[in-house]
Protein chains: 2
Amino acid sequence: MAEPSTHGESLLFLTDENLRKGIEAMFFAYRGFTADPDRILADMDYGRAHHRAVHFINRSPGTTVGNLLTILGVTKQSLNRVLRTLFDDGLVEARVGKQDKRERHLYLTEKGHTLERALSDAQRARMRAAYRAAGPSAVQGFRTVLEAMMDAEQRRQYQGLKEGST
Amino acid sequence: MAEPSTHGESLLFLTDENLRKGIEAMFFAYRGFTADPDRILADMDYGRAHHRAVHFINRSPGTTVGNLLTILGVTKQSLNRVLRTLFDDGLVEARVGKQDKRERHLYLTEKGHTLERALSDAQRARMRAAYRAAGPSAVQGFRTVLEAMMDAEQRRQYQGLKEGST
DNA sequence: AAGATACGTCAGCCTTGTTGACATTCCAAG
DNA sequence: CTTGGAATGTCAACAAGGCTGACGTATCTT
């Protein structure tokens with residue numbers, strides 16, 4: 001309904017109908033986005049929470065527990081439960097900080113890297129297929145819209161992570 | 001790192017680094033995507049599961065329980081728990097099917113519509129802001145990539161929902 | 001009359017989020 | 001040296017929302 005008649009200008013992409021389609025696209029696409037890692041994780045008694053932890057430790061080796069808390073946006077109790085199983089299973093190791101010995105710097109072990117690679121290979125494969133099918137300019141638009149959709153706080157982290165590794 | 005020198009052709013958008021950025025963009029953007037409705041829902045003892053149910057009942061009034069199960073991809077026990085609270089609170093009503101009396105056709109009540117509007121207004125507002133900031137061609141690309149990221153099954157449903165309303 | 005389908009429901013389990021409380025360890029300021 | 005605050009770990013309890021399995025009932029189809 002509404003379907004405003006074409007009045008020269010093109011704000012047609014902002015109709016409620018179009019926005020609703022975007023919303024559902026996010027919903028369904030996110031399911032696809034997590035489906036492959038989820039399958040791998042299910043076979044090993046891990047969940048998405050483990051995936052997220054492993055991902056961000058891999059991408060910022062030596063990050064502290066506090067950093068991880070901020071990025072993941074969960075409580076320390078929740079994160080700690082996950083980290084403990086990763087320690088116990090020998091996927092992640094924590095080294096006491098040199099400068100500040102209260103901090104724990106987190107690193108993937110060899111075993112941890114293996115899992116990380118399995119998970120991100122699966123996820124990247126889907127991403128790559130989607131990117132290839134859509135083409136470079138669509139990918140550009142995809143990233144632009146997603147970035148605009150983030151909270152300012154999240155965008156800061158997303159962009160901050162872009163360059164500074166350690 | 002890597003930063004392959006521009007060699008005429010442009011498959012540069014398929015580098016692992018680019019894919020990883022896309023993956024994180026999905027992660028952070030999805031958080032933003034759900035943040036506003038989540039806040040509303042938290043104030044009324046509902047969760048995302050209720051949101052999803054209300055959304056799809058609104059968009060396909062008269063849909064059956066079975067349809068909803070397929071779209072949401074959860075078990076009937078899980079869905080039922082949510083639907084029951086929506087019935088009890090008078091947000092959704094179920095009418096016995098005319099042709100097939102085994103089926104329950106689901107409709108939002110006035111109260112249900114009110115909640116639905118509050119939720120989708122919040123979500124659309126963010127979406128609209130992101131769309132506006134990114135511009136029409138970016139939006140086009142955004143949708144193209146998301147569609148390519150879905151499972152075939154999910155894409156079928158997403159597209160099927162596009163036209164046929166009832 | 002018999003089997004299949006649509007739905008509801010009871011019971012129990014898991015993951016992952018939450019709060020609150022408390023201990024430890026360490027840095028830094030006084 | 002002491003003390004406050006920061007970073008971390010941990011215990012306990014709880015809730016949402018997934019899951020499986022089993023069973024019941026109404027209804028449709030054959």
Side-chain angles (χ1 to χ4, degrees), chain A residues 27 30-31 34-35 37-57 62-89 92-107, chain B residues 27 30-31 34-35 37-57 62-89 92-107:
Chain A
F27 173 70
Y30 199 78
R31 281 239 295 260
T34 55
D38 280 357
R39 263 187 292 274
I40 296 174
L41 290 158
D43 287 344
M44 28 195 346
D45 268 34
Y46 287 143
R48 265 183 221 176
H50 300 83
H51 182 186
R52 291 195 282 261
V54 164
H55 174 94
F56 284 105
I57 293 171
T63 193
T64 63
V65 174
N67 282 343
L68 216 46
L69 283 178
T70 309
I71 290 177
L72 297 178
V74 297
T75 58
K76 64 178 173 176
Q77 291 89 332
S78 197
L79 175 58
N80 209 253
R81 186 168 33 201
V82 168
L83 281 182
R84 207 182 318 156
T85 74
L86 293 175
F87 292 149
D88 292 351
D89 296 351
V92 171
E93 69 178 15
R95 301 184 202 151
V96 172
K98 282 183 179 168
Q99 291 158 8
D100 188 333
K101 291 178 191 160
R102 289 167 304 179
E103 293 180 339
R104 261 76 174 168
H105 298 272
L106 304 170
Y107 298 89
Chain B
F27 173 70
Y30 198 77
R31 282 238 295 257
T34 56
D38 280 357
R39 263 187 291 273
I40 296 174
L41 291 158
D43 287 343
M44 29 196 343
D45 268 36
Y46 288 142
R48 266 182 220 176
H50 300 82
H51 183 185
R52 292 194 283 263
V54 164
H55 174 94
F56 284 106
I57 292 171
T63 194
T64 64
V65 174
N67 282 342
L68 215 47
L69 283 177
T70 310
I71 290 177
L72 297 178
V74 298
T75 59
K76 64 177 173 177
Q77 293 91 329
S78 198
L79 175 58
N80 210 254
R81 185 168 34 199
V82 168
L83 281 183
R84 209 181 317 159
T85 74
L86 293 175
F87 292 148
D88 292 351
D89 295 351
V92 172
E93 68 178 13
R95 302 183 201 151
V96 171
K98 281 184 180 169
Q99 291 158 9
D100 188 333
K101 291 179 191 160
R102 291 169 304 179
E103 294 181 337
R104 260 74 174 167
H105 297 274
L106 304 170
Y107 298 89

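Numbered from 1 within each chain, the chains take letters A, B, ... in sequence-line order.
Expressed to the nearest 0.5 Å, how far CZ of A/R48 lies from CG of A/L41 amounts to 9.0 Å. Between the CZ atom in A/R31 and the CG atom in B/L72 there is a gap of 7.5 Å [rounded to 0.5 Å]. One finds the CZ atom of A/F27 at 5.5 Å from the CZ atom of B/R52 (value rounded to the nearest 0.5 Å). Here the CG-OH distance, from A/D38 to A/Y46, works out to 15.5 Å after rounding to the nearest 0.5 Å. Note that the CG atom of B/L69 and the CG atom of B/L79 stand 5.0 Å from one another [nearest 0.5 Å].
With hydrogens and angles ignored, no donor-acceptor pair closer than 3.5 Å exists between the side chain of A/R102 and the base of C/dT25.
In this structure, B/H51 atom NE2 and D/dG17 atom C1' are separated by 16 Å, rounded to whole Å. Residue B/L41 contributes atom CG, which lies 18 Å from atom P of C/dG17 at whole-angstrom precision. Across the protein-nucleic acid pair, A/D100 atom CG and D/dG5 atom P stand 17 Å apart, rounded to whole Å. At whole-Å resolution of the value, CD in A/Q99 and C1' in D/dA6 are 16 Å apart. The interatomic distance linking B/K101 (NZ) with C/dA6 (C1') rounds to 15 Å, in whole Å. Rounded to an integer number of Å, the gap from CZ of B/R95 to C1' of C/dC7 is 18 Å. Between B/R104 atom CZ and C/dA6 atom P there is a gap of 13 Å when expressed in whole angstrom units. Atom NZ in A/K98 sits about 15 Å away from atom P in C/dC27, given to the nearest Å.
No option in B/L86, B/L83, B/N67 other than B/L83 meets the side-chain contact (heavy atoms from CB on, under 4.5 Å) test with B/L106.
Within the structure, every side-chain polar atom (N or O) of A/S78 is placed at least 4.0 Å from both OP1 and OP2 of C/dT16. Not one side-chain nitrogen or oxygen of B/T75 sits closer than 4.0 Å to the OP1 or OP2 atom of D/dG18. At C/dT16, one or more side-chain N or O atoms of A/H50 fall inside 4.0 Å of OP1 or OP2 (strictly under the cut-off). Of the side-chain N and O atoms in B/R52, one or more sit less than 4.0 angstrom from OP1 or OP2 of D/dG18.
Side-chain proximity of A/E103 to D/dG18, C/dT16, D/dT8: nearest is D/dT8. Looking at the side chain of B/A49, the nearest of the listed nucleotides C/dT18, D/dG18, D/dT27 is D/dG18.
More than 12 heavy atoms of other residues, nucleotides or ligands sit less than 6.0 Å from atom CG of A/D88.
Of the two residues near DNA chain C, A/Y46 and B/H105, the one whose nearest nucleotide lies more 5' is B/H105.
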Below 3.5 Å between N/O atoms, which protein atoms pair up with nucleotides 9-13 of chain C? Just atom names and distances, please.
{"unit_1": "C/dT9", "atom_1": "OP2", "unit_2": "B/N80", "atom_2": "OD1", "d": "3.2"}

